[in-house]
Amino acid sequence: MKVVIVGGVAGGATAAARIRRLDEQAEIVVFERSGYISYANCGLPYYIGGIISNPEDLTLQTPESFDNRFRIQMKVHHEVIAIHPEKKTVSVKNLGTGEEFEETYDKLLLSPGANPTQPRLPGMGLKQLFTLRTVEDTFRIKDYVDTYRPKSVVLAGGGFISLEVAENLRELGMDVTIVQRPKQLMNPFDADMAAFIHAEIRKHGIKLALGYSVEGFQETENGVDVLLKDAAPLHADMVVLAIGVTPESTLAKDAGLELGIKGSILVNDRMETSIPDIYAVGDAVQVKHFVTGEDALIALAGPANKQGRIAADNICGGDSHYQGSQGSSVIKVFTMTAAATGINEVAAQKAGISYDKVILSPMSHAGYYPGGKLMTMKVLFEKETYRLLGAQIVGYEGVDKRLDVLATALRAGIKATDLKDLDLAYAPPYSSAKDPVNMAGFIIDNLKNGIVKQWYLEDADSLPKDGSVTLLDTRTAEEYAGGHIEGFLNIPVDELRKRLGELAQAKPVYLICQSGLRSYIASRILTGNGFSCYNFAGGYRFYETVKYDRCLTSQATACGMDTK
């Protein structure tokens, strides 16, 4: 059996190695148009910033190491320019010599990846304008930074690559501005959770221009102007475009393979395309979202590696199936960690799923052990069934651990109420006897059993201020004096029982505290005394962070720039 693989990196290189492990006699040829067959995409921004100092550390495997270990022909600087399914051949161009030739195959695997999205805007060819996708892209940016010592940069886009590049360039001392058309960074997160990411970025001196559209680029004597719709241009020494990726499916389209959303390659759960003996994996393929079952594009290394393994199994006569992607991801944002899995509120609404949520602010480990830090968790679940839908966490320690537990629970079909029963490792330096994941389960179980009812951030502006309800802040007097929601009465939870007479039992009570715990205790006290209560999901810390972020963003939209 002869297998030809188009493209290396996560999907193609993984498949090649797996095929060899399954079939020692197979002839395997990989064509890669770049000079690197297997490299650490996710590490590229950290080489630019000098965190990774040796460029060789970015290369996971070389053609020589692949051949030595796996007896696989890795042909770099070779581009497959056409597929001929009727002849079972591909046309290949040697980019070094210009020579073109045909290569036969029994099985063909496409792993072409995706290209940085480059809109048709004026000035796209300027030398100060960069994208980041390959090792070569990284070297170009690194060489430009080292040679010209730019003092300022504008990044267009607010996703993973943009934030990682922004952090690394800021750490080099550059003045950094991120421009993003939506009014938030990081689309996997809801806007309220993204507010914590915004705060961390602003704290480190990066400017955010949220809600602005880039309309073009114009070279100047000392740099480049980024032209914005309905706003003054932003000037910088260089620009990095990071507005997303587009599936690389030109070969597939020309060969007559069926395509999916945004021109992606259509595959089944065995990673087979519409033409027999042709498989496809990675960022170029359309997949099913594990939570919604809907068609999706999820360009992440984890899914690409798994798809490469599954395609290899099936090429070698196995019967492996891809169960769908749920988009589990994590990112370092200076000292903060942000992670998400499954779907967020926006996606749930779009999918027509009836959902509820809990928001909590637990400590990363036992409060009595030094060094514990707060994190903010948001867990979504389906009403009635309590099926887990997704989770988002931002914090400074232990975030990835909790996100991975929730991602595993979601994949395993564990109900949200059963999170309370998970038997998780505990020692004071690492967790609490009631882990944050357990705490989320306790809250959801209380909701299910009617022990607590919630009100949410989106309800704040519509709460009656005519005296028909009681608005109650249960923090200390000092906390209340430091900031509170207008119209809320302050009765600290420890004084509540002796001050019940100050409250009208006939009125519903809407409670808030710093994190949600004291107001929950207060709600149980009041419920036990005949009151109808609603506890705020998230606490005042959550409320204040989100409201302040929205204020900054709206001011920036009005004045033209967010410099906070």
Side-chain angles (χ1 to χ4, degrees), residues 2-16 29-34 37 41 75-95 98 100-121 124 131 133-134 137 241 243-289 294-301 303-304 307-308 310-312 314-315 322 324-325:
K2 181 177 180 179
V3 182
V4 168
I5 299 175
V6 181
V9 198
T14 295
V29 184
V30 180
F31 293 110
E32 168 60 46
R33 62 186 173 191
S34 77
I37 198 68
N41 299 66
K75 296 182 178 293
V76 296
H77 299 302
H78 281 69
E79 182 176 9
V80 174
I81 56 177
I83 303 170
H84 312 290
E86 71 286 353
K87 298 189 297 180
K88 282 198 168 184
T89 66
V90 295
S91 296
V92 186
K93 182 176 182 178
N94 184 325
L95 299 180
E100 294 186 11
F101 60 92
E102 282 199 2
E103 188 86 19
T104 62
Y105 68 83
D106 296 310
K107 304 286 185 180
L108 177 65
L109 174 65
L110 304 180
S111 180
N115 295 319
T117 301
Q118 299 192 48
R120 297 178 180 177
L121 297 175
M124 283 296 295
T131 59
R133 184 67 177 175
T134 66
D137 294 337
L241 271 181
I243 57 176
V245 294
T246 301
E248 175 52 85
S249 57
T250 303
L251 274 176
K253 179 181 179 182
D254 292 346
L257 274 67
E258 289 185 24
L259 303 181
I261 54 179
K262 295 185 179 181
S264 57
I265 303 172
L266 199 63
V267 294
N268 60 18
D269 64 359
R270 287 170 47 87
M271 310 313 298
E272 297 169 323
T273 70
S274 58
I275 294 180
D277 297 322
I278 300 180
Y279 298 75
V281 300
D283 295 353
V285 305
Q286 174 180 297
V287 298
K288 294 293 183 183
H289 197 287
E294 296 178 347
D295 295 332
L297 294 177
I298 299 179
L300 293 170
Q307 292 161 15
I310 288 168
N314 294 321
I315 285 171
Y322 188 63
S325 299

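We count residues from 1, following the sequence as given. Computed over heavy atoms, backbone and side chain alike; hydrogens, waters and symmetry mates excluded.
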Least distance between heavy atoms, Asp283 atom then Ala114 atom: CB-CB, 3.8 Å
Evaluation steps, side chain to side chain contact (heavy atoms under 4.5 Å, CB included), between Asn314 and Met271: CA-CA 8 Å; Asn314 294 321; Met271 310 313 298; 5.6 Å; no
Over all atoms of both residues, closest heavy-atom pair of Ala255 and Pro85: O-CG, 3.9 Å
Smallest separation among heavy atoms of Val245 and Ala299, with atom names: CG2-CB, 4.1 Å
Side-chain touch Gln307/Val287, heavy atoms, less than 4.5 angstrom: yes
Separation between CG of Leu251 and OG of Ser249, rounded to the nearest 0.5 Å: 9.0 Å
Donor-acceptor under 3.5 Å (Thr14 side chain, Gly11 main chain): no
Check: Ser274 side chain, Glu258 main-chain N or O, donor-acceptor pair, under 3.5 Å: yes
Student check: side-chain heavy atoms of Ile83 and Asp254 closer than 4.5 Å: no
Atom pair NZ/OH of Lys88 and Tyr105 - distance to nearest 0.5 Å: 6.5 Å
Where Lys2 and Val29 come nearest, the two heavy atoms and their spacing: CE-CG2, 4.4 Å
By salt bridge (Lys or Arg N to Asp or Glu O under 4.0 Å) - contacts of Lys93 (at least two apart): none
Candidates Val4, Val80, Thr89 - the one meeting side chain to side chain contact (heavy atoms under 4.5 Å, CB included) with Glu103: Val4
Minimum heavy-atom distance between Leu297 and Gln286, given as atom pair plus value: CD2-CA, 4.0 Å
Atom pair CD/CG of Glu79 and Asn94 - distance to nearest 0.5 Å: 11.0 Å
Beyond-backbone contact of Leu108 with Ile275, side-chain heavy atoms, under 4.5 angstrom: no
Donor-acceptor pair between Thr104 and Glu102 side chains, under 3.5 angstrom: no
Reported NZ-to-CD1 distance for the pair Lys107 and Ile315, which is rounded to 0.5 angstrom: 7.5 Å
4.5 Å side-chain heavy-atom contact, Asp269 and Lys288: no
Spacing of Leu259 atom CG and Ile265 atom CD1 [to the nearest 0.5 Å]: 7.5 Å
Distance, nearest 0.5 Å, that separates CG of Asn115 from CD of Glu248: 4.5 Å
Sidechain-backbone polar pair: Thr273 side chain, Ile278 backbone, donor-acceptor under 3.5 Å: yes
Validation row: Pro119, Ile243 side chains within 4.5 angstrom (heavy atoms): yes
Shortest non-hydrogen contact from Tyr279 toward Arg270: CD2-O, 3.9 Å
